[in-house]
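Chain A is the first sequence line, chain B the second, and so forth, proteins listed ahead of strands; every chain is numbered from 1.
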Amino acid sequence: MATVTILPTPLDPSVCLATFPRSADDTGAVASFCGYVRGQGISALALEHYPGMTEASILRTIESASRRWPIQHAQVVHRVGELLPGDPIVWVGVSSSHRSAAFSACEFIMDYLKVSAPLWKRERDQAGQWHWVEARDRDHKRAQRWGMSEHRA
Amino acid sequence: MATVTILPTPLDPSVCLATFPRSADDTGAVASFCGYVRGQGISALALEHYPGMTEASILRTIESASRRWPIQHAQVVHRVGELLPGDPIVWVGVSSSHRSAAFSACEFIMDYLKVSAPLWKRERDQAGQWHWVEARDRDHKRAQRWGMSEHRA
Amino acid sequence: MKVLVFAQLRELLGSNSIELPDGDCPANVAALRLLLAERLGDAFAEALADPNVFCAVDQRVVDDEHGLSPTQEIAFFPPMTGG
Amino acid sequence: MKVLVFAQLRELLGSNSIELPDGDCPANVAALRLLLAERLGDAFAEALADPNVFCAVDQRVVDDEHGLSPTQEIAFFPPMTGG
(Lines give C-alpha, C1' and ligand atoms only; values in the text may rest on other atoms or scores of the structure.)
Protein backbone atom coordinates (compact mmCIF):
# COMPACT_ATOMS: atom_id res chain seq x y z
CA MET A 1 0.00 0.00 0.00
CA ALA A 2 1.41 3.40 -0.95
CA THR A 3 0.32 6.99 -0.42
CA VAL A 4 1.88 10.03 -2.10
CA THR A 5 0.81 13.58 -1.30
CA ILE A 6 2.09 16.83 -2.80
CA LEU A 7 1.22 19.44 -0.20
CA PRO A 8 1.00 23.21 -0.81
CA THR A 9 0.28 23.85 2.90
CA PRO A 10 2.37 23.27 6.07
CA LEU A 11 3.52 19.69 6.70
CA ASP A 12 3.33 18.26 10.23
CA PRO A 13 5.49 15.12 10.51
CA SER A 14 4.05 14.18 13.91
CA VAL A 15 0.56 14.06 12.38
CA CYS A 16 1.90 11.92 9.51
CA LEU A 17 3.36 9.50 12.07
CA ALA A 18 0.27 9.52 14.29
CA THR A 19 -2.03 8.63 11.37
CA PHE A 20 0.34 6.16 9.68
CA PRO A 21 -1.59 2.88 9.11
CA ARG A 22 -0.41 -0.10 11.18
CA SER A 23 -1.55 -3.60 11.88
CA ALA A 24 -1.46 -4.68 15.56
CA ASP A 25 -0.91 -8.20 14.29
CA ASP A 26 2.20 -7.81 12.18
CA THR A 27 3.59 -4.25 12.04
CA GLY A 28 6.77 -4.52 14.09
CA ALA A 29 8.63 -1.50 12.72
CA VAL A 30 8.01 1.99 11.35
CA ALA A 31 11.04 3.88 10.02
CA SER A 32 10.46 7.48 9.12
CA PHE A 33 12.38 10.46 7.89
CA CYS A 34 11.70 14.17 7.84
CA GLY A 35 13.75 16.70 5.86
CA TYR A 36 13.79 20.35 6.97
CA VAL A 37 14.77 23.69 5.40
CA ARG A 38 18.14 24.74 6.82
CA GLY A 39 18.51 28.48 7.40
CA GLN A 40 22.21 28.77 6.59
CA GLY A 41 22.40 31.87 4.41
CA ILE A 42 18.89 31.54 3.09
CA SER A 43 15.71 33.36 4.07
CA ALA A 44 13.22 31.18 2.14
CA LEU A 45 12.91 28.18 -0.15
CA ALA A 46 10.42 27.66 -2.99
CA LEU A 47 9.54 24.25 -4.43
CA GLU A 48 8.00 23.64 -7.85
CA HIS A 49 6.65 20.30 -9.12
CA TYR A 50 5.21 18.70 -12.25
CA PRO A 51 1.60 17.91 -11.29
CA GLY A 52 0.83 14.29 -12.06
CA MET A 53 4.34 13.20 -12.95
CA THR A 54 5.77 14.00 -9.50
CA GLU A 55 3.20 11.75 -7.79
CA ALA A 56 3.60 9.01 -10.46
CA SER A 57 7.39 9.11 -10.19
CA ILE A 58 7.36 8.80 -6.37
CA LEU A 59 4.83 5.94 -6.61
CA ARG A 60 7.18 4.12 -8.99
CA THR A 61 10.02 4.59 -6.47
CA ILE A 62 7.82 3.09 -3.72
CA GLU A 63 6.96 0.17 -6.02
CA SER A 64 10.69 -0.44 -6.62
CA ALA A 65 11.21 -0.46 -2.85
CA SER A 66 8.32 -2.95 -2.43
CA ARG A 67 9.99 -5.33 -4.86
CA ARG A 68 13.23 -5.21 -2.89
CA TRP A 69 11.99 -5.39 0.70
CA PRO A 70 8.89 -6.89 2.37
CA ILE A 71 7.27 -3.58 3.33
CA GLN A 72 3.67 -3.13 4.39
CA HIS A 73 2.92 0.53 3.80
CA ALA A 74 4.91 3.48 2.50
CA GLN A 75 3.92 7.10 2.57
CA VAL A 76 5.57 10.19 1.08
CA VAL A 77 4.38 13.73 1.75
CA HIS A 78 6.29 16.44 -0.11
CA ARG A 79 5.85 20.18 0.28
CA VAL A 80 5.61 22.56 -2.67
CA GLY A 81 5.35 26.36 -2.58
CA GLU A 82 7.24 28.75 -0.34
CA LEU A 83 8.91 27.51 2.86
CA LEU A 84 10.89 29.14 5.67
CA PRO A 85 13.97 27.91 7.59
CA GLY A 86 12.94 25.14 9.99
CA ASP A 87 9.90 24.12 7.91
CA PRO A 88 9.50 20.40 7.11
CA ILE A 89 9.98 19.74 3.35
CA VAL A 90 9.40 16.01 3.06
CA TRP A 91 8.21 13.12 5.20
CA VAL A 92 8.75 9.45 4.33
CA GLY A 93 7.32 6.62 6.46
CA VAL A 94 7.68 2.87 5.89
CA SER A 95 6.25 -0.01 7.93
CA SER A 96 7.30 -3.65 7.95
CA SER A 97 7.36 -6.71 10.18
CA HIS A 98 11.05 -6.15 10.88
CA ARG A 99 13.23 -3.12 11.25
CA SER A 100 15.87 -3.78 8.60
CA ALA A 101 13.36 -3.73 5.71
CA ALA A 102 11.74 -0.56 7.07
CA PHE A 103 15.08 1.26 7.44
CA SER A 104 16.42 0.21 4.03
CA ALA A 105 13.22 1.03 2.14
CA CYS A 106 12.88 4.43 3.85
CA GLU A 107 16.46 5.42 2.95
CA PHE A 108 16.09 4.05 -0.59
CA ILE A 109 12.91 6.08 -1.17
CA MET A 110 14.59 9.27 0.10
CA ASP A 111 17.69 8.70 -2.06
CA TYR A 112 15.63 8.17 -5.21
CA LEU A 113 13.22 10.94 -4.45
CA LYS A 114 16.18 13.37 -4.34
CA VAL A 115 17.24 12.61 -7.91
CA SER A 116 14.23 11.12 -9.71
CA ALA A 117 11.13 13.01 -8.57
CA PRO A 118 10.35 16.10 -10.68
CA LEU A 119 10.78 18.75 -8.01
CA TRP A 120 12.87 21.90 -8.24
CA LYS A 121 14.12 24.19 -5.50
CA ARG A 122 14.91 27.89 -5.44
CA GLU A 123 16.49 29.62 -2.45
CA ARG A 124 16.11 33.26 -1.46
CA ASP A 125 19.34 34.67 -0.06
CA GLN A 126 19.59 37.23 2.77
CA ALA A 127 19.53 40.05 0.17
CA GLY A 128 16.16 38.84 -1.14
CA GLN A 129 17.47 37.37 -4.42
CA TRP A 130 16.14 34.01 -5.63
CA HIS A 131 18.61 31.37 -6.95
CA TRP A 132 17.90 27.95 -8.39
CA VAL A 133 19.51 25.12 -6.40
CA GLU A 134 21.99 23.07 -8.44
CA ALA A 135 21.61 19.27 -8.43
CA ARG A 136 24.19 17.67 -6.15
CA ASP A 137 26.62 15.09 -7.43
CA ARG A 138 26.57 13.56 -3.92
CA ASP A 139 22.85 12.83 -4.27
CA HIS A 140 23.39 11.05 -7.57
CA LYS A 141 26.17 8.93 -6.05
CA ARG A 142 23.88 7.95 -3.16
CA ALA A 143 21.09 6.94 -5.54
CA GLN A 144 23.51 4.98 -7.74
CA ARG A 145 24.74 2.82 -4.86
CA TRP A 146 21.33 1.06 -4.92
CA GLY A 147 22.33 -0.19 -8.37
CA MET A 148 19.36 0.99 -10.39
CA SER A 149 19.00 3.42 -13.28
CA GLU A 150 17.97 6.41 -11.24
CA HIS A 151 15.84 8.30 -13.74
CA ARG A 152 13.71 5.30 -14.65
CA ALA A 153 12.72 4.65 -11.02
CA MET B 1 23.07 15.96 23.04
CA ALA B 2 21.44 12.71 24.10
CA THR B 3 18.27 11.82 25.98
CA VAL B 4 17.40 8.33 27.26
CA THR B 5 14.08 7.57 28.94
CA ILE B 6 12.88 4.27 30.38
CA LEU B 7 9.12 4.57 30.41
CA PRO B 8 6.70 2.48 32.51
CA THR B 9 3.67 4.20 30.92
CA PRO B 10 2.37 4.28 27.29
CA LEU B 11 4.77 5.62 24.66
CA ASP B 12 3.46 7.99 21.97
CA PRO B 13 5.97 8.21 19.06
CA SER B 14 4.18 11.18 17.50
CA VAL B 15 4.69 13.18 20.71
CA CYS B 16 8.38 12.14 20.75
CA LEU B 17 8.72 13.43 17.17
CA ALA B 18 6.72 16.62 17.82
CA THR B 19 8.93 17.57 20.79
CA PHE B 20 12.24 16.45 19.26
CA PRO B 21 14.71 19.38 19.52
CA ARG B 22 15.74 20.97 16.21
CA SER B 23 17.67 23.99 15.07
CA ALA B 24 16.05 26.02 12.25
CA ASP B 25 19.56 26.98 11.23
CA ASP B 26 21.19 23.60 10.67
CA THR B 27 18.89 20.63 11.33
CA GLY B 28 18.25 19.27 7.85
CA ALA B 29 17.24 15.72 8.73
CA VAL B 30 15.47 13.74 11.45
CA ALA B 31 15.46 9.95 11.06
CA SER B 32 13.30 8.07 13.52
CA PHE B 33 12.24 4.55 14.26
CA CYS B 34 9.43 3.03 16.27
CA GLY B 35 9.21 -0.65 17.22
CA TYR B 36 5.80 -2.16 18.02
CA VAL B 37 4.55 -5.33 19.74
CA ARG B 38 3.38 -7.78 17.06
CA GLY B 39 0.31 -9.81 18.01
CA GLN B 40 1.24 -13.02 16.21
CA GLY B 41 0.43 -15.74 18.74
CA ILE B 42 0.96 -13.51 21.73
CA SER B 43 -1.55 -11.76 23.96
CA ALA B 44 0.91 -9.57 25.91
CA LEU B 45 4.59 -8.68 26.31
CA ALA B 46 6.41 -7.75 29.52
CA LEU B 47 9.73 -5.88 29.59
CA GLU B 48 12.16 -5.85 32.50
CA HIS B 49 15.22 -3.59 32.79
CA TYR B 50 18.24 -2.96 35.05
CA PRO B 51 17.59 0.51 36.51
CA GLY B 52 20.62 2.70 35.99
CA MET B 53 22.60 0.33 33.77
CA THR B 54 19.96 0.29 31.01
CA GLU B 55 20.09 4.08 30.70
CA ALA B 56 23.92 4.14 30.98
CA SER B 57 24.29 1.43 28.34
CA ILE B 58 22.00 3.20 25.85
CA LEU B 59 23.85 6.49 26.49
CA ARG B 60 27.15 4.75 25.67
CA THR B 61 25.61 3.46 22.42
CA ILE B 62 24.54 7.01 21.50
CA GLU B 63 28.06 8.26 22.31
CA SER B 64 29.52 5.60 19.99
CA ALA B 65 27.14 6.79 17.25
CA SER B 66 28.22 10.42 17.86
CA ARG B 67 31.85 9.47 17.31
CA ARG B 68 31.00 7.83 13.97
CA TRP B 69 28.57 10.34 12.46
CA PRO B 70 28.05 14.11 12.82
CA ILE B 71 24.73 13.92 14.66
CA GLN B 72 23.10 16.77 16.55
CA HIS B 73 20.67 15.11 18.94
CA ALA B 74 19.69 11.53 19.66
CA GLN B 75 16.82 10.36 21.78
CA VAL B 76 15.79 6.88 22.91
CA VAL B 77 12.56 6.13 24.74
CA HIS B 78 12.09 2.49 25.76
CA ARG B 79 9.03 0.95 27.39
CA VAL B 80 9.17 -1.36 30.37
CA GLY B 81 6.26 -3.15 32.06
CA GLU B 82 3.35 -4.89 30.40
CA LEU B 83 2.43 -4.13 26.77
CA LEU B 84 -0.29 -5.28 24.38
CA PRO B 85 -0.12 -6.10 20.64
CA GLY B 86 0.15 -2.85 18.66
CA ASP B 87 1.77 -0.93 21.55
CA PRO B 88 4.98 1.01 20.77
CA ILE B 89 8.01 -0.55 22.55
CA VAL B 90 10.84 1.75 21.55
CA TRP B 91 11.37 5.06 19.80
CA VAL B 92 14.73 6.30 18.46
CA GLY B 93 15.16 9.72 16.89
CA VAL B 94 18.36 11.24 15.45
CA SER B 95 18.91 14.67 13.93
CA SER B 96 21.75 15.86 11.72
CA SER B 97 22.53 18.41 9.01
CA HIS B 98 22.29 15.68 6.37
CA ARG B 99 20.16 12.60 5.96
CA SER B 100 22.83 9.91 5.62
CA ALA B 101 24.27 10.52 9.10
CA ALA B 102 20.78 10.59 10.63
CA PHE B 103 19.75 7.30 8.95
CA SER B 104 22.99 5.46 9.79
CA ALA B 105 23.11 6.59 13.42
CA CYS B 106 19.42 5.73 13.96
CA GLU B 107 19.85 2.20 12.59
CA PHE B 108 23.14 1.73 14.50
CA ILE B 109 21.51 2.74 17.79
CA MET B 110 18.59 0.32 17.22
CA ASP B 111 20.95 -2.55 16.28
CA TYR B 112 23.07 -2.06 19.41
CA LEU B 113 20.13 -1.46 21.68
CA LYS B 114 18.75 -4.89 20.66
CA VAL B 115 21.85 -6.74 21.89
CA SER B 116 23.63 -4.48 24.38
CA ALA B 117 20.98 -2.74 26.49
CA PRO B 118 19.96 -4.71 29.60
CA LEU B 119 16.32 -5.33 28.74
CA TRP B 120 14.50 -8.66 28.82
CA LYS B 121 11.22 -9.66 27.22
CA ARG B 122 8.59 -12.20 28.20
CA GLU B 123 5.62 -13.04 25.99
CA ARG B 124 2.24 -14.29 27.15
CA ASP B 125 0.81 -16.86 24.72
CA GLN B 126 -2.88 -17.24 23.84
CA ALA B 127 -3.27 -19.78 26.68
CA GLY B 128 -2.07 -17.19 29.20
CA GLN B 129 1.38 -18.74 29.80
CA TRP B 130 4.44 -16.46 30.03
CA HIS B 131 7.63 -17.41 28.14
CA TRP B 132 11.00 -15.64 28.11
CA VAL B 133 12.02 -14.48 24.62
CA GLU B 134 15.27 -16.05 23.41
CA ALA B 135 17.99 -13.73 22.09
CA ARG B 136 18.08 -13.83 18.28
CA ASP B 137 21.22 -14.74 16.41
CA ARG B 138 20.03 -12.42 13.61
CA ASP B 139 20.19 -9.43 15.98
CA HIS B 140 23.77 -10.26 16.96
CA LYS B 141 24.77 -10.54 13.29
CA ARG B 142 23.23 -7.13 12.59
CA ALA B 143 25.09 -5.55 15.50
CA GLN B 144 28.38 -7.17 14.47
CA ARG B 145 28.28 -5.72 10.96
CA TRP B 146 29.04 -2.29 12.49
CA GLY B 147 32.40 -3.79 13.48
CA MET B 148 32.37 -3.08 17.19
CA SER B 149 32.43 -5.32 20.25
CA GLU B 150 28.71 -5.33 20.91
CA HIS B 151 28.62 -5.82 24.67
CA ARG B 152 31.06 -3.04 25.40
CA ALA B 153 29.04 -0.42 23.50
CA MET C 1 1.12 19.62 -29.65
CA LYS C 2 1.88 21.10 -26.25
CA VAL C 3 5.28 21.02 -24.57
CA LEU C 4 5.54 21.73 -20.84
CA VAL C 5 8.64 23.33 -19.31
CA PHE C 6 9.64 23.64 -15.66
CA ALA C 7 11.98 25.53 -13.32
CA GLN C 8 14.85 27.42 -15.04
CA LEU C 9 13.40 26.59 -18.50
CA ARG C 10 9.99 27.97 -17.51
CA GLU C 11 11.66 31.14 -16.25
CA LEU C 12 13.72 31.56 -19.46
CA LEU C 13 10.63 31.04 -21.60
CA GLY C 14 8.41 33.27 -19.46
CA SER C 15 5.66 30.66 -19.72
CA ASN C 16 5.05 27.11 -18.52
CA SER C 17 4.23 25.67 -21.95
CA ILE C 18 4.84 25.95 -25.69
CA GLU C 19 2.10 25.24 -28.21
CA LEU C 20 3.23 23.77 -31.58
CA PRO C 21 0.91 23.34 -34.57
CA ASP C 22 -0.29 19.71 -34.71
CA GLY C 23 1.33 19.18 -38.14
CA ASP C 24 4.73 19.98 -36.62
CA CYS C 25 5.26 16.80 -34.57
CA PRO C 26 8.97 15.85 -34.91
CA ALA C 27 9.96 12.20 -35.27
CA ASN C 28 11.80 11.99 -31.96
CA VAL C 29 12.99 13.96 -28.92
CA ALA C 30 16.27 15.03 -30.59
CA ALA C 31 14.32 16.58 -33.50
CA LEU C 32 11.95 18.32 -31.08
CA ARG C 33 14.93 19.84 -29.21
CA LEU C 34 16.24 21.25 -32.53
CA LEU C 35 12.83 22.58 -33.56
CA LEU C 36 12.32 24.35 -30.21
CA ALA C 37 15.90 25.74 -30.23
CA GLU C 38 15.29 27.28 -33.68
CA ARG C 39 12.01 28.93 -32.72
CA LEU C 40 12.65 30.12 -29.17
CA GLY C 41 15.82 32.21 -29.19
CA ASP C 42 19.43 31.74 -28.11
CA ALA C 43 19.09 31.70 -24.33
CA PHE C 44 16.39 29.02 -24.40
CA ALA C 45 18.20 27.08 -27.14
CA GLU C 46 21.37 27.02 -25.06
CA ALA C 47 19.52 25.83 -21.95
CA LEU C 48 17.76 23.11 -23.93
CA ALA C 49 21.05 21.91 -25.44
CA ASP C 50 22.38 21.09 -21.96
CA PRO C 51 22.63 17.27 -21.86
CA ASN C 52 21.40 17.39 -18.25
CA VAL C 53 18.01 18.73 -19.37
CA PHE C 54 15.55 15.84 -19.27
CA CYS C 55 12.65 15.10 -21.58
CA ALA C 56 9.61 13.27 -20.21
CA VAL C 57 7.00 11.72 -22.51
CA ASP C 58 3.73 10.82 -20.86
CA GLN C 59 5.37 11.51 -17.48
CA ARG C 60 8.35 9.20 -17.91
CA VAL C 61 11.91 10.32 -18.59
CA VAL C 62 13.04 9.19 -22.06
CA ASP C 63 16.21 9.55 -24.13
CA ASP C 64 16.73 11.58 -27.30
CA GLU C 65 15.93 8.68 -29.65
CA HIS C 66 12.44 8.24 -28.18
CA GLY C 67 9.79 8.56 -30.92
CA LEU C 68 6.99 11.15 -30.60
CA SER C 69 3.32 11.37 -31.58
CA PRO C 70 1.09 14.48 -31.34
CA THR C 71 -1.18 13.16 -28.57
CA GLN C 72 1.60 12.64 -26.03
CA GLU C 73 2.31 14.83 -23.02
CA ILE C 74 5.84 16.16 -23.49
CA ALA C 75 7.92 18.06 -20.94
CA PHE C 76 11.47 19.43 -20.59
CA PHE C 77 13.11 20.16 -17.26
CA PRO C 78 16.51 20.54 -15.55
CA PRO C 79 17.90 18.00 -13.03
CA MET C 80 15.58 17.39 -10.10
CA THR C 81 16.42 18.95 -6.74
CA GLY C 82 13.63 17.76 -4.46
CA GLY C 83 13.67 16.07 -1.05
CA MET D 1 28.28 -7.70 49.08
CA LYS D 2 25.08 -7.61 47.05
CA VAL D 3 24.62 -9.38 43.71
CA LEU D 4 21.70 -8.39 41.47
CA VAL D 5 20.03 -10.89 39.14
CA PHE D 6 17.56 -10.27 36.32
CA ALA D 7 15.03 -12.04 34.09
CA GLN D 8 15.24 -15.88 34.07
CA LEU D 9 17.88 -15.81 36.86
CA ARG D 10 15.65 -13.65 39.04
CA GLU D 11 12.77 -16.04 38.47
CA LEU D 12 14.89 -19.11 39.31
CA LEU D 13 16.18 -17.46 42.47
CA GLY D 14 12.77 -16.13 43.51
CA SER D 15 14.41 -12.81 44.40
CA ASN D 16 16.14 -9.95 42.58
CA SER D 17 19.32 -10.01 44.67
CA ILE D 18 21.67 -12.16 46.74
CA GLU D 19 23.39 -10.82 49.86
CA LEU D 20 26.84 -12.26 50.62
CA PRO D 21 28.74 -11.58 53.86
CA ASP D 22 31.33 -8.83 53.21
CA GLY D 23 34.24 -11.14 54.11
CA ASP D 24 33.20 -13.45 51.23
CA CYS D 25 34.28 -11.29 48.27
CA PRO D 26 35.81 -13.63 45.66
CA ALA D 27 38.87 -12.55 43.71
CA ASN D 28 37.18 -12.42 40.33
CA VAL D 29 33.94 -13.09 38.44
CA ALA D 30 34.78 -16.77 37.78
CA ALA D 31 35.24 -17.35 41.53
CA LEU D 32 31.97 -15.55 42.28
CA ARG D 33 30.13 -17.78 39.79
CA LEU D 34 31.48 -20.88 41.59
CA LEU D 35 30.62 -19.51 45.03
CA LEU D 36 27.04 -18.69 44.00
CA ALA D 37 26.63 -22.07 42.25
CA GLU D 38 27.65 -23.88 45.47
CA ARG D 39 25.28 -21.95 47.69
CA LEU D 40 22.19 -21.59 45.56
CA GLY D 41 21.16 -25.04 44.33
CA ASP D 42 21.39 -26.99 41.09
CA ALA D 43 18.88 -25.14 38.90
CA PHE D 44 20.44 -21.75 39.61
CA ALA D 45 23.98 -23.19 39.33
CA GLU D 46 23.17 -24.63 35.92
CA ALA D 47 21.69 -21.34 34.68
CA LEU D 48 24.71 -19.41 35.96
CA ALA D 49 27.13 -21.83 34.24
CA ASP D 50 25.66 -20.91 30.83
CA PRO D 51 28.44 -19.01 29.01
CA ASN D 52 25.78 -16.67 27.61
CA VAL D 53 24.98 -15.35 31.10
CA PHE D 54 26.64 -11.95 31.45
CA CYS D 55 28.21 -10.38 34.49
CA ALA D 56 28.19 -6.59 34.91
CA VAL D 57 30.40 -4.81 37.41
CA ASP D 58 29.43 -1.22 38.16
CA GLN D 59 26.98 -1.39 35.23
CA ARG D 60 29.47 -2.53 32.58
CA VAL D 61 29.66 -6.04 31.14
CA VAL D 62 32.96 -7.71 32.11
CA ASP D 63 34.57 -11.09 31.49
CA ASP D 64 35.24 -13.89 33.98
CA GLU D 65 38.77 -12.70 34.77
CA HIS D 66 37.57 -9.30 35.96
CA GLY D 67 38.68 -8.68 39.58
CA LEU D 68 36.12 -7.85 42.28
CA SER D 69 35.99 -5.70 45.39
CA PRO D 70 33.18 -5.60 48.00
CA THR D 71 31.97 -2.06 47.21
CA GLN D 72 31.15 -2.77 43.55
CA GLU D 73 27.67 -3.22 42.12
CA ILE D 74 27.60 -6.73 40.64
CA ALA D 75 24.86 -8.24 38.45
CA PHE D 76 24.22 -11.42 36.47
CA PHE D 77 21.75 -11.64 33.61
CA PRO D 78 20.90 -13.63 30.45
CA PRO D 79 21.34 -12.25 26.90
CA MET D 80 19.48 -8.98 26.33
CA THR D 81 16.27 -9.04 24.30
CA GLY D 82 15.19 -5.39 24.20
CA GLY D 83 14.22 -3.14 21.32
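Among the candidates B/Ala117, B/Pro118, B/Gly35, the residue making the largest number of heavy-atom pairs closer than 4.5 Å to chain D is B/Ala117.
Residue contact with chain D, scored on non-hydrogen atoms closer than 4.5 Å, is absent for B/Arg79. Proximity to chain D (any heavy atom under 4.5 Å) is shown, for B/Pro88, by neither the backbone nor the side chain.
The aromatic ring centroids of B/Trp146 and B/Trp69 lie less than 6.0 Å from each other.
Looking at D/Val29 and D/Asp63, their side chains never come closer than 4.5 Å, going by heavy atoms from C-beta outward.
For the atom pair CG of B/Asp87 and CG of B/Leu45, the computed distance is 9.0 Å after rounding to the nearest 0.5 Å.
Formation of a donor-acceptor pair under 3.5 Å by the D/Arg33 side chain with backbone atoms of D/Leu48 is found in this model. B/His73 contributes a side-chain N or O that, together with a main-chain N or O of B/Met1, makes up a donor-acceptor pair within less than 3.5 Å.
Within a 6.0 Å radius of CG in D/Asn52, more than 12 heavy atoms belonging to other residues, nucleotides or ligands are found.
Proximity to chain D among residues 18-28 of chain B is not found for any residue, judged by heavy-atom separations below 4.5 angstrom.
Taking 4.0 Å as the cut-off between side-chain N and carboxylate O, B/Arg124 and B/Glu82 count as a salt-bridged pair.
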